[in-house]
Amino acid sequence: MTTQTKPIDAFSLPTPNGQKVHIMLEELGVPYNYHQINIGKGEQFTPEFLAISPNNKIPAIVDPEGPGGTPISIFESGAILKYLGLKFGQFYPTDMREQVKVDEWLFWQVGGFGPMLGQNNHFSVYAPEKVPYAIKRYGDETHRLFRVLDKQLEGKDFITGSYSIADIASIGWAQSWERYGIDKAELKNFAAWIERLNARPAVAKGLLVGKDQPQMSLADDKEAQKVLFNQR
């Protein structure tokens, strides 16, 4: 089994995307250092951060013990999860057919169950003008995606059968189910799954990483909104 001598540097925040990496690192039990990137103050646009995350988004990691023993930087949460799963041989299967299953649901999360929930939140909470069509569109899509997840979990403890990076990718976003008007009584498979995952010590710990540091209140910080929204 691959071991890690030097800590992996995680440049992140306690957001659903950042939490994916925190949970994975906690599950692996490898040493890592958490570095908060204050996106409300524009730290994601510094040359140092752009060198490892050219899309100016968190999370990103630097593994000082990358392939061949030389450092490697990785951005995009899905790519980070796959890299760590492959490197350490955990939470990502070795069988190709099983890899395809995990990849499908990992990409389902990064392409839908994440972006759509994010748009729902933006138009419902942060948009300076309330656009009923946008609120309904992203609200409906959020509910559809939760139903898709519930259906996939029918007869399973985890999304693809065994606990994997597909579950780790989705659990942070799933935490806000109540905000989106999701009724657990209607989605019993989902309800059992989120309870099962939240009971895992590494998940519970990973969800809390970074929350001991001061957090921005985006809803009240107009300057931060200028940094984060409507950038070209």
With sequence neighbours left out, which residue pairs that include part of residues 101-120 fulfil the ring pair (Phe, Tyr, Trp, His ring centres under 6.0 Å) condition?
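Non-adjacent pairs meeting ring pair (Phe, Tyr, Trp, His ring centres under 6.0 Å): Trp105-Trp108, Trp108-Phe113, Phe113-Phe146.
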Would you check, one step at a time, whether the test side chain to side chain contact (heavy atoms under 4.5 Å, CB included) holds for Ile23 with Leu207?
CA-CA 7 Å; Ile23 291 169; Leu207 290 171; 4.0 Å; yes
Cut-off 3.5 Å, no hydrogens considered: what does the side-chain donor-acceptor table look like for residues 177-185, sequence neighbours left out?
residue: Arg179; atom: NH1; partner: Asn121; partner atom: OD1; Å: 3.2
residue: Tyr180; atom: OH; partner: Leu117; partner atom: O; Å: 3.3
residue: Asp183; atom: OD1; partner: Ala185; partner atom: N; Å: 3.0

Quick one: do Gln213 and Tyr34 satisfy side chain to side chain donor-acceptor pair (under 3.5 Å)? Show the steps, please.
CA-CA 11 Å; Gln213 299 183 20; Tyr34 168 80; 5.0 Å; no
All side chain to side chain donor-acceptor pair (under 3.5 Å) counterparts of [X], not counting sequence neighbours:
X      : result
Ser12  : His22
Arg137 : none
Gln19  : none
Ser124 : Asn120

I need the minimum non-hydrogen distance between [X] and [Y], along with the two atoms involved.
X      : Y     : value
Leu25  : Ala10 : CD1-CB, 4.2 Å
Ile72  : Gly66 : CG2-CA, 3.8 Å
Ser73  : Val62 : CB-CG2, 4.0 Å
Val209 : Glu26 : CG2-OE2, 4.3 Å
Thr15  : Ile58 : OG1-CD1, 3.4 Å

Using side-chain contact (heavy atoms from CB on, under 4.5 Å) as the criterion, list what pairs up with [X], not counting sequence neighbours.
X      : result
Glu141 : Met116, Arg144, Leu145
Asp95  : Arg97, Glu98
Pro7   : Pro31, Asn33

Should Asp150 and Trp193 be marked as a side chain to side chain donor-acceptor pair (under 3.5 Å) after you check the CA-CA gap, both sets of side-chain angles, and the distance that decides it?
CA-CA 9 Å; Asp150 183 73; Trp193 170 81; over 6 Å; no
What is the distance from atom [atom1] of [X] to atom [atom2] of [Y], rounded to the nearest 0.5 Å?
X      : Y      : atom1 : atom2 : result
Phe190 : Gln152 : CZ    : CD    : 14.5 Å
Leu149 : Glu154 : CG    : CD    : 12.5 Å
Ile165 : Gln109 : CD1   : CD    : 10.5 Å
Leu28  : Thr2   : CG    : OG1   : 10.5 Å

Without hydrogens or angle criteria, can the side chains of Glu27 and Tyr163 be said to hold a donor-acceptor pair below 3.5 Å?
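There is such a pair (donor and acceptor under 3.5 Å, judged by atom type) between the side chains of Glu27 and Tyr163.
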Going by atom type alone, with no hydrogens or angles, which donor-acceptor pairs under 3.5 Å involve a side-chain atom of residues 76-87 and a protein atom two or more places apart or on another chain?
residue: Ser77; atom: OG; partner: Lys20; partner atom: NZ; Å: 2.8
residue: Lys82; atom: NZ; partner: Tyr92; partner atom: OH; Å: 3.4
residue: Tyr83; atom: OH; partner: Asp63; partner atom: OD2; Å: 2.6
residue: Lys87; atom: NZ; partner: Gln4; partner atom: OE1; Å: 2.7
residue: Lys87; atom: NZ; partner: Asp63; partner atom: OD1; Å: 3.4
residue: Lys87; atom: NZ; partner: Asp63; partner atom: OD2; Å: 2.6
residue: Lys87; atom: NZ; partner: Glu65; partner atom: O; Å: 2.8

Lys205 NZ: over 12 foreign heavy atoms closer than 6.0 Å:
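Not buried by this count: 12 neighbours or fewer within 6.0 Å.
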Does Phe75 have any ring pair (Phe, Tyr, Trp, His ring centres under 6.0 Å) partners at least two apart in sequence or in another chain, and if so, which?
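For Phe75 there are no ring pair (Phe, Tyr, Trp, His ring centres under 6.0 Å) partners, ignoring immediate neighbours.
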For residues 45-54, which side-chain donor-acceptor pairs fall under 3.5 Å, sequence neighbours excluded?
residue: Thr46; atom: OG1; partner: Glu43; partner atom: O; Å: 3.1
residue: Thr46; atom: OG1; partner: Phe49; partner atom: N; Å: 3.3
residue: Ser53; atom: OG; partner: Lys57; partner atom: O; Å: 2.7

Which of these passes side-chain contact (heavy atoms from CB on, under 4.5 Å) with Phe11: His35, Gln44, Gln36?
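Of all the options given, the one that passes is His35.
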Walk me through whether Val100 and Val102 qualify under side chain to side chain contact (heavy atoms under 4.5 Å, CB included).
CA-CA 5 Å; Val100 168; Val102 172; over 6 Å; no
Run Asp167 and Phe91 through side chain to side chain contact (heavy atoms under 4.5 Å, CB included) and show every step you take.
CA-CA 9 Å; Asp167 300 281; Phe91 313 116; over 6 Å; no
Could you walk me through whether Arg196 and Phe158 satisfy the side chain to side chain contact (heavy atoms under 4.5 Å, CB included) test, starting with their C-alpha distance in whole Å, then the side-chain angles of each, then the deciding distance to 0.1 Å, before giving a yes or no?
CA-CA 9 Å; Arg196 189 176 300 117; Phe158 305 106; 3.9 Å; yes
